2 protein chains.
Amino acid sequence: MKSSHVTLKDIARILELSPSTVSRALKDHPDINEETKKLVKTFAEKVNYRPNALALSLRRQKTNTIGLIIPEIVHHFFSSVISGIEDLAYGEGYNVMICQSNENYQREVIDTQALIDHRVDGILVSVSKTTRDFSHLKNAYENGIPMVFFDRICEDLQTDRVITDDLKGANIATSHLIEKGCTKILHLSAPQHLVIGKQRKEGYIQALNENGIEVDEELIVKCDTRDYVFSMQEHLLKLIKEKHITGIFGVNDSTAIAVMQVLQSAGYSIPEDIKVIGFGDGPNANIAYPPLSTVEQKGYETGREAMRLLLQRLENPGIEINFSTKVLTPNLKQRQST
Amino acid sequence: MKSSHVTLKDIARILELSPSTVSRALKDHPDINEETKKLVKTFAEKVNYRPNALALSLRRQKTNTIGLIIPEIVHHFFSSVISGIEDLAYGEGYNVMICQSNENYQREVIDTQALIDHRVDGILVSVSKTTRDFSHLKNAYENGIPMVFFDRICEDLQTDRVITDDLKGANIATSHLIEKGCTKILHLSAPQHLVIGKQRKEGYIQALNENGIEVDEELIVKCDTRDYVFSMQEHLLKLIKEKHITGIFGVNDSTAIAVMQVLQSAGYSIPEDIKVIGFGDGPNANIAYPPLSTVEQKGYETGREAMRLLLQRLENPGIEINFSTKVLTPNLKQRQST
DNA sequence: ATGAAAGCGCTAACAT
DNA sequence: ATGTTAGCGCTTTCAT
């Protein structure tokens with residue numbers, strides 16, 4: 001291991017110049033002689049000189065790195081978000097430091113700290129499901145680090161935000177079931193301390209109200225993962241039978257797909273006996289049998305938009321810009337499950 | 001924006017001590033007076049002091065960051081790898097800088113450079129499909145940066161490696177089809193410049209040979225993505241019909257699932273008419289209809305093992321350890337598609 | 001046109 | 001037990 005990184009000083013010594021001259025030559029400073037520039041540049045190229053990003057960041061007090069805190073990379077929505085962020089970030093010369101909270105509050109706190117320690121220029125964050133105390137983020141925020149929340153936002157903090165219009169999306173999904181003739185509709189919901197959980201439930205309720213269908217609280221069941229569905233399948237099947245359910249709105253695709261599988265193994269046909277719709281439109285929706293109707297949540301756009309809002313702050317330091325909330329409206333993707 | 005990071009110097013000035021005393025007090029240096037230690041620690045706590053990771057790295061000539069170059073985060077296998085890496089890395093005090101090459105050679109080159117610029121302590125890499133020239137990696141390697149290749153390795157470079165026994169896995173998958181009575185077996189294969197493409201094809205051929213089935217080169221079709229399957233479905237269906245295919249081994253799950261869908265819409269029943277098996281065992285395998293038989297590729301273990309090998313080098317700098325190749329053998333996961 | 005020196009935040013060898 | 005100094009790699013002000 002001959003860990004040999006060439007430094008400015010090395011070049012200066014060999015070329016018998018001062019570090020400052022080398023530095024200036026490399027960045028085409030007008031004061032420097034053309035000959036010298038050529039000499040330095042050629043040599044730097046030859047020895048494969050690369051400035052030390054750490055030293056640069058320390059000096060400039062700017063890392064050109066932005067931090068990203070994301071619940072789970074495995075979810076298609078979130079990995080699309082990452083792509084949206086990266087595509088924009090790289091173009092503008094920023095690196096992205098990705099931290100996966102794994103839906104774990106403790107980890108999120110550590111991640112936030114790590115990002116601060118590395119002096120990232122800004123933070124993009126979607127909070128974990130288990131986070132109820134936001135002081136770690138509030139802390140970073142009050143420390144002056146520009147932040148943009150996306151998807152799972154923190155309502156207490158006045159920041160830029162990018163969200164999906166979950167209420168509208170849920171309304172679209174539920175209304176679609178109603179149009180297809182369903183009146184007894186089950187909603188598999190996410191925890192109510194999450195904005196998305198609350199909003200999607202509200203959208204469901206709103207659609208029922210708009211169509212003169214009475215809301216039955218028993219038809220709103222907290223169940224938001226594939227595993228969760230299987231672990232409570234007895235209860236669900238019982239409920240579906242007793243309440244004569246004909247439509248199900250799952251708070252996300254994997255929950256909807258899991259419930260289809262539970263229904264099928266209990267002998268129900270989809271969409272004939274029961275219609276099912278999800279939320280998100282990940283790749284699974286197409287693969288499911290039957291292909292799942294759902295509303296499309298725009299991951300890539302979410303990431304891009306969040307990065308755009310952050311860049312706007314970073315490129316205009318000191319200038320006060322009003323915080324904005326970008327709302328992305330999901331579209332209905334009808335397939336064969338409804 | 002009151003970007004106020006408290007520094008050691010700030011603390012020293014306020015407490016009327018020297019920076020070195022503060023530094024030592026904070027890390028419980030034996031020379032420092034208990035009183036002073038308490039004073040410093042209490043104050044540091046109060047003002048929420050956090051050492052600047054950049055300065056530390058620059059000073060120590062060690063970033064405690066490892067770089068990861070990965071083709072596509074959206075793939076379940078790769079995101080599992082990330083989890084395996086992170087779980088181990090965090091425990092040992094390392095951060096992971098994730099770069100997504102998007103299967104793009106140019107991007108991979110840039111990513112490698114960015115990691116070098118940031119002076120990562122080591123690099124974990126799985127090369128992109130489009131990479132045929134490895135000089136960017138060779139370069140980093142010769143610069144003395146410890147590297148571990150996983151899954152998609154570079155055969156030219158003598159390094160630690162973690163690979164799936166693709167040959168054995170493919171043999172297991174193909175043999176399983178043969179056991180189930182298939183003799184005319186189609187293989188949807190990956191590009192042959194990729195080790196995994198070559199190995200999985202070899203395993204397929206090996207299984208045929210072992211069972212006295214003649215290899216027909218026309219039954220090996222380059223087709224390794226979902227989109228690819230749909231774009232060439234005419235050709236595939238024609239081939240399947242003409243050659244009386246009864247079994248298909250897809251080089252990965254999504255290809256296998258896509259071909260099942262193509263077959264079904266052409267009127268075939270699975271597994272009655274044609275049996276299909278994949279490779280990888282991502283979450284889609286369970287969701288597919290019928291649930292896909294496949295061989296299980298161990299993403300989490302791959303990541304963990306790669307990180308373990310890297311840590312071994314990092315923790316023993318200067319000590320020469322023979323390079324090792326860790327081979328993970330996939331297991332058959334039989335479901336309803338065979 | 002080039003160099004010397006200071007400093008970004010931190011640590012450690014060397015005083016005292 | 002504490003302080004002084006130098007230096008990690010770089011830039012930039014201020015000489016010359």
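Quantities reported herein were computed from a predicted structural model and do not represent experimental measurements. No hydrogens, no waters, no symmetry mates; every other heavy atom, side chains included, goes into these values. Letters A, B, ... mirror the listed sequences (proteins, then strands); counts begin at 1.
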[atom1] of [X] versus [atom2] of [N]: gap in Å, rounded?
X: Asp117(B); N: dC10(D); atom1: CG; atom2: C1'; value: 14 Å
X: Arg60(A); N: dG9(D); atom1: CZ; atom2: P; value: 17 Å
X: His29(A); N: dA1(C); atom1: NE2; atom2: C1'; value: 10 Å
X: Asp10(B); N: dG9(C); atom1: CG; atom2: C1'; value: 10 Å
X: Leu56(A); N: dC8(C); atom1: CG; atom2: C1'; value: 12 Å
X: Leu8(B); N: dG3(D); atom1: CG; atom2: P; value: 13 Å
X: Leu39(B); N: dT2(D); atom1: CG; atom2: P; value: 10 Å
X: Leu26(A); N: dT2(C); atom1: CG; atom2: P; value: 14 Å

Flag if over 12 foreign heavy atoms under 6.0 Å of NZ, Lys326(B): no

Phosphate-side-chain proximity, [X] and [N], N/O vs OP1/OP2 below 4.0 Å:
X: Lys9(B); N: dC8(C); answer: yes
X: Gln61(B); N: dG9(D); answer: yes
X: Tyr49(A); N: dC10(D); answer: yes

Once you apply a heavy-atom cut-off of 4.0 Å, does [X] come out as touching a base, just sugar-phosphate, or nothing?
X: Asn33(B); value: sugar-phosphate
X: Asn52(A); value: sugar-phosphate
X: Leu54(B); value: nothing
X: Thr36(A); value: sugar-phosphate

Under 3.5 Å donor-acceptor pair, Arg24(A) side-chain atoms to dG3(C) base atoms: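 Such a pair exists between side chain and base.
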
Ser18(B) side-chain proximity, nearest of dG9(C), dG3(D), dC8(D): dG3(D)

Residue Ile32(B), side-chain atoms from C-beta onward, closest of dC10(C), dT12(D), dT2(D): dT2(D)

Parallel, tilted or perpendicular: ring planes of Tyr141(A) versus Phe323(A), cut at 30 and 60 degrees: tilted

Upstream residue (5' side of DNA chain D) when Thr21(B) and Ala55(A) are each assigned their closest nucleotide: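 So the residue in question is Thr21(B).
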
Tyr90(A) vs Asp111(B), side-chain contact (heavy atoms from CB on, under 4.5 Å): CA-CA, chis, key distance, verdict: CA-CA 10 Å; Tyr90(A) 276 67; Asp111(B) 287 340; 3.4 Å; yes

Residue mapping more 5' on DNA chain C - nearest nucleotide basis, Leu58(B) or Ser20(B):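 Comparing both residues, the 5'-ward one is Leu58(B).
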
Check ion pair Arg152(A)-Glu103(A) (N to O, under 4.0 angstrom):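 Yes.
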
Ionic contact status for Lys37(B) with Glu34(B), cut-off 4.0 Å: yes

